[in-house]
Amino acid sequence: MHKILLILTLFFLPSALADWHSGTIDIIAIGYDGKTIAISQLNSTRNNCTCYPTWPNRYCLDRSRDSFKEEYALILSAKARNKSLNININETSCKVIAIYEN
């Protein structure tokens, strides 16, 4: 019984709710709180993100990550050069988990 519960728990962990999204950066915005960096990709159809409820169609960088500055720099660079990014987000909150340039 304990093994079944463990397997079910692992199956439903939040990391299992992550997926990759590819495209050029459409918008980079700083939230009204002065802390949140929110982004959107061209052709993204998300409208249920919870990381910054004011903009439910945008992904958010996670300031608690050690790589926050590097992720922000990569996004700014890709936007300036019109390069496509692959962004892995938590599908519930839309917080960025990983990112790389194509």
- Is Tyr59 linked to Leu42 within one hydrophobic cluster, defined over Ile, Leu, Val, Met, Phe, Trp and Tyr using a side-chain heavy-atom separation of less than 4.5 Å? no

To the nearest 0.5 angstrom, please state how far the [atom1] atom of [X] sits from the [atom2] atom of [Y].
| X | Y | atom1 | atom2 | value |
| --- | --- | --- | --- | --- |
| Leu76 | Arg81 | CG | CZ | 11.0 Å |
| His21 | Thr45 | NE2 | OG1 | 9.0 Å |
| Asp26 | Ile39 | CG | CD1 | 10.5 Å |

- Message: Pair Val96, Asp62 - check side chain to side chain contact (heavy atoms under 4.5 Å, CB included), show working.
- Response: CA-CA 7 Å; Val96 173; Asp62 185 351; over 6 Å; no

- Pairing of Glu71 and Arg63 as salt bridge, 4.0 angstrom limit: no

- Between Ser84 and Ser22, is a side chain to side chain contact (heavy atoms under 4.5 Å, CB included) present by the stated rule, with each step listed? CA-CA 7 Å; Ser84 182; Ser22 183; 3.6 Å; yes

A side-chain contact here means heavy atoms from C-beta on lying under 4.5 Å apart; do [X] and [Y] qualify?
| X | Y | answer |
| --- | --- | --- |
| Ile87 | Trp20 | no |
| Asn86 | Asn102 | yes |
| Pro56 | Asn48 | no |
| Ile97 | Ile89 | no |
| Arg58 | Ile27 | yes |
| Ile25 | Gln41 | yes |
| Tyr52 | Cys94 | no |

- Before giving the answer on side chain to side chain contact (heavy atoms under 4.5 Å, CB included), spell out for Leu74 and Tyr100 the whole-Å C-alpha distance, their side-chain angles and the decisive distance to 0.1 Å. CA-CA 8 Å; Leu74 179 59; Tyr100 70 91; 5.5 Å; no

- Main-chain N/O of Lys95 paired with Ser93 side-chain donor or acceptor, under 3.5 Å: yes

- Message: What verdict does the side chain to side chain contact (heavy atoms under 4.5 Å, CB included) test give for Leu85 and Ile75, after you've listed the backbone C-alpha separation in whole Å, the side-chain angles of each residue and the deciding distance to 0.1 Å?
- Response: CA-CA 8 Å; Leu85 292 177; Ile75 288 168; 4.0 Å; yes

- Task: Step by step, work out the salt bridge (charged side-chain N to carboxylate O under 4.0 Å, His left out) result for Arg46 and Glu91.
- Result: CA-CA 10 Å; Arg46 296 298 306 240; Glu91 292 296 321; 2.4 Å; yes

- How are the rings of Tyr32 and Trp55 set relative to one another: parallel (under 30°), tilted (30 to 60°) or perpendicular (over 60°)? tilted

- Carefully, step by step, assess Asn88 and Asp19 under the rule side-chain hydrogen bond (donor to acceptor under 3.5 Å, both in side chains). CA-CA 5 Å; Asn88 188 275; Asp19 201 5; 5.7 Å; no

